[in-house]
There are 2 protein chains.
Amino acid sequence: MANRRSGRVNARDVARAAGVSQSAVSRTFTPGASIAAETRQRVIAAARELGYRPNAFARSLITRRSRMVGLVLADLDNPFYARMLEAVSRELQAAGHHVMLFFTDRGEADDALQEILQYPVAGLLMASATLSSALARECAEAGIPVVLVNRDVPDAPTVSVTADNEAGGAAVGDFLARAGHQRVAFIAGDPEASTSRDREHGFREALARHGLTCHARAVGNYTREGAREAARTLFRVNAPPDAVFVANDYMAFAVMDTLRGELGLRVPEDVSVVGYDDVTQAAWGAYNLTTVTQPTDTMVSTAVTALLDSIRDGAPGRERRVIAGELVVRRSSRCPQNR
Amino acid sequence: MANRRSGRVNARDVARAAGVSQSAVSRTFTPGASIAAETRQRVIAAARELGYRPNAFARSLITRRSRMVGLVLADLDNPFYARMLEAVSRELQAAGHHVMLFFTDRGEADDALQEILQYPVAGLLMASATLSSALARECAEAGIPVVLVNRDVPDAPTVSVTADNEAGGAAVGDFLARAGHQRVAFIAGDPEASTSRDREHGFREALARHGLTCHARAVGNYTREGAREAARTLFRVNAPPDAVFVANDYMAFAVMDTLRGELGLRVPEDVSVVGYDDVTQAAWGAYNLTTVTQPTDTMVSTAVTALLDSIRDGAPGRERRVIAGELVVRRSSRCPQNR
DNA sequence: CTGAAAGCGCTTACAG
DNA sequence: CTGAAAGCGCTTACAG
C-alpha cells in the first residue's frame, strides 16, 4: 500500500493516483483553498489509499511560516514547572502549534537557543531559564517573539509574565507579623533570580512596617539539599526562629522534613513554615503548607496568549505582565487569632 | 546586519558575501565535507557577520533524514514521568537529537501521532500512552522506529521497555507476608494498564506461596482522588487491612494522607503501606515510603539507546526489554524482624 | 578542492 | 475550478 521506493508518499504520487495535478492535492489539504468538492474527494480517497500525509517541513519552507514553538526549561524536578510545562504544551497544541522541547542549565540558555534557532520556530517560550539581551534582540530582528515566564530580561524586546513576587512576599511578612512572631527568618532560593529577590524584598518591607527586621537568613539555592542545610544553619542556634519564610514550596518541604525529622521541632507549634508557589503537594496532608499561590493557570494562559498574539501579528511584543497571587493559609503556620 | 528582506539569511547570501559558491557554504557546515581551510574561514566569517544559521527543515528535506524525535506523554502529574521526560530529553539532546513533545490522553494516542507524523521524525518514544498495532505497523513500514516505555503493544513491531512488574509485585507480597501481616489489601491503578495488572498478579502469587490470599481490593485508577476513595472503602469496615500495597507511589501518598489525616490510623503501627516506583518524594521525611524501585535511569537509557540504534540501522527493532527493580524498605511498613 | 545544476516536497501567483 | 511553472533553502553527485 505504501510507497515502496522511498518509504514516504508525496503529493505527486497522490496526484498521479487521483488523476489530478499536484496543485489540486495541495489545495485539498489547504483549508479554504478553491477546489471542487468532487476533486477533493478523489484526492482524499487516493491519499488515504496511499497513506499520504503532507510534509510539514516542505510546507513550512515554502510558506516561510511554521507552527513550531520552542519551549526552553531548566528544571522539571520542581513540580511547579512540570505543571506549567504540561499546561503550556496542551494549550499550544490546542491552538494547532507543535512544541519543541529543550532542557538547559539555569541562567542564560543562549547555547541551547542557537540549536533551536536552526529550526524556523514561530516563537519561543522560556521558563526557569533566560537568554542574553543580545540574543533577545537578535530574535526580535528575526521576527521571532520571545515570552519569558517567571524570568525577566530588563530592557529586552520580550514579553515577560511573572507573579507579583513583591506583593506575595509582603503578604507573608504581614501575616507572620500579625500572628505575633518575633524571630522571623528567610531562606532564599537562587540569590540571582528575581523571583527570590523580589519575594525577599516585599517580605522585609512588610516586616519593617510592623517594626520587625528579618531575624536570620540563609540560602537554599532552590535545591532540596540546600534547603536542608539552610534549615540546620538557621535552627541549630540558641535563639532559633519562631517562623521561617522559604522562597518556594519545593524547598519548604525539605525544610519541614528537616525540622521535624532531624531537629525534633513541631510545625507549627514550635515554628511556622510558609512557602511560595502553592504546588499540588502543598495541599497534601503530610505538609498542609501555608503558601502564596502562583496562579499557574493564569500565568500560562497569559503567556500562551501573548505568544500566539505576537506570532499572529508578526510583532515581537514588549511588555511586563505581573500576575497577582494570594496567601493560602493552611496548617503549617500559626494564625493571628491563635495568638 | 541581518538580512532586511526576509528576516532570514540564507546560504546564498553568505556565499555572495564570502565570494564563494553555495556549495562551499554547505560544505562548511557539513562535518567531514571536503573544503579548504581558508575557504571555510571566509565562509564562517561571513556567516557570523550576517547571522546565518543553516535551515534544519531544508536540510532535512534534501537529506531525507531528520534529527527530530517525537515524544508522547499522557501524564506529567506523576513525578515518575516528569523525571523520565527530563532524562529522556537530555539524553536525546546530548546525542544531537531534538525533541518534539506531545501530550495526549491515556490509552491509544493515534490522533496525536497523526499530527506528529506530518513531521519527518526519525523515531518515536512513548510513555504512559500507546498506539494501535495498526499504526505501529504503519510506522514500521515508513521506517520510523517506535519505543514504548512502561507500555507494551503485543505482537507489534516496536521495542518496549518495562520494569519487571511481576517480580516487583511478588517482592512486595513476599515482604508483607514475612512481616506477619494477615489481612493484606491491594489498591489497583488503571485496571487496563499492564503495569497495574502485572504488579497485582505477582503480588497475589507471592501471597499464595505463603498461604495467604488478597484480603481486599479497590481501584484507584492512578489518580489521587481515586486512591483516597479506595482507602476509605477499604478501611471503613470492621476488620480493616493491616497492610496495603498501592500500585504506585503517587497514589500511596494520597492513601497515607487519608489514613493518617482522615481515618486516624498510624503508619506503620496500625497499617503498613507499600508503593511502587520509588519516586523522589518517597524518600522525603513525611512519607518514608517502602516501595519498589523503577530503575528510571536504566529504563531511560535502555529506551534511548534502543531508539538511537534503530534510527542508525534504519531498522525498527522488535524486542521486549524487562528491567528488574528492587524493594526499598523504609519506615512506612513493619519489618519481618519487628514481628 | 570547487562550482553549476538538479532535486527534496511542498505552495502559490498566473493564466486559462 | 484547474494545471504548469517557479521557488522556499538546502545537499550532493558530477565534472573539472
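In the text below, chain A, chain B and the rest are named by the order of the sequence lines, each starting its count at 1.
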Using a 4.0 Å heavy-atom cut-off across all strands, classify B/Thr63 as base, sugar-phosphate, or nothing.
sugar-phosphate
Can you tell me the distance, in whole Å, between the CD atom of A/Gln22 and the C1' atom of C/dG7?
13 Å
Per nearest nucleotide of DNA chain C, the residue lying toward the 5' end, A/Ser26 or B/Thr39, is B/Thr39
Is the side chain of A/Arg90 donor-acceptor paired with the backbone N or O of B/Thr104 at a distance under 3.5 Å, no angle test?
yes
To the nearest angstrom, how far is A/Glu38 atom CD from D/dT2 atom C1'?
13 Å
Selected nucleotide, minimal atom distance to B/Thr30 side chain, candidates D/dT11, C/dT11, D/dC8
D/dT11
Within the side chain of B/Thr158, is there an N or O that forms a donor-acceptor pair under 3.5 Å with the backbone of B/Val147?
no
Judged by nearest nucleotide, the residue sitting upstream toward the 5' end of DNA chain C, B/Ser34 or B/Ile62, is B/Ser34
With rounding to whole Å, what would you report as the distance between D/dG9 and D/dA13 at their P atoms?
23 Å
For the side chain of A/Val20, counting heavy atoms from C-beta on, which of C/dT11, D/dG9, D/dG3 is nearest?
D/dG3
Tightest non-hydrogen contact, residues A/Leu307 and A/Gly123, listed as CD1-CA, 4.1 Å
d(CG, B/Asp13; P, D/dC8) in whole Å:
11 Å
Would you mind pulling out the nucleotide paired to C/dA4, Watson-Crick or G-U wobble, both distances under 3.5 Å?
none
Kindly give the heavy-atom pair with the smallest separation between A/Ser132 and A/Glu108, and that separation in Å.
CB-OE1, 3.5 Å
Within the structure shown, what part of the strands sits under 4.0 Å from A/Arg40 by heavy-atom distance: base, sugar-phosphate, or nothing?
nothing
Starting at CD of A/Gln41 and ending at P of D/dC1, how long is that distance when rounded to a whole Å?
14 Å
A/Ser60 near the nucleic acid: base, sugar-phosphate alone, or nothing, with a heavy-atom cut-off under 4.0 Å?
nothing
Look at A/Glu38 together with A/Arg42 and state whether they make a salt bridge at an N to O cut-off of under 4.0 Å.
yes
Answer yes if the ring centres of A/Tyr119 and B/Tyr119 are under 6.0 angstrom apart, and no otherwise.
no
Identify the nucleotide, in any strand shown, that forms a Watson-Crick or G-U wobble pair with C/dA13, with both distances under 3.5 Å; if there is none, say none.
none
Within the 4.0 Å heavy-atom criterion, would you say A/Tyr52 contacts the bases, only the backbone, or no part of the nucleic acid?
sugar-phosphate
Sort me out a list of protein N/O and nucleotides 13-16 of chain D N/O pairs below 3.5 Å, or just none if empty.
unit_1, atom_1, unit_2, atom_2, d
D/dA13, N6, B/Arg27, NH2, 3.1

Pair B/Arg83, B/Thr296: side-chain N/O donor-acceptor within cut-off below 3.5 Å:
yes
For B/Asp155, does its backbone N or O pair with a side-chain atom of B/Arg318 as donor and acceptor, under 3.5 Å?
yes
Rounded to whole angstroms, how far apart are OH on B/Tyr119 and P on C/dC10?
14 Å
Between C1' on D/dC8 and CG on B/Asn10, what's the gap in Å once rounded to a whole number?
9 Å
Taking atom P of D/dT12 as reference, at what distance in whole Å does atom CZ of B/Arg64 sit?
12 Å
Could you tell me whether the phosphate oxygens of C/dA4, OP1 or OP2, come under 4.0 Å of any side-chain nitrogen or oxygen in B/Ser21?
no
Nearest-Å distance, CZ (B/Arg53) to C1' (D/dC10)?
16 Å
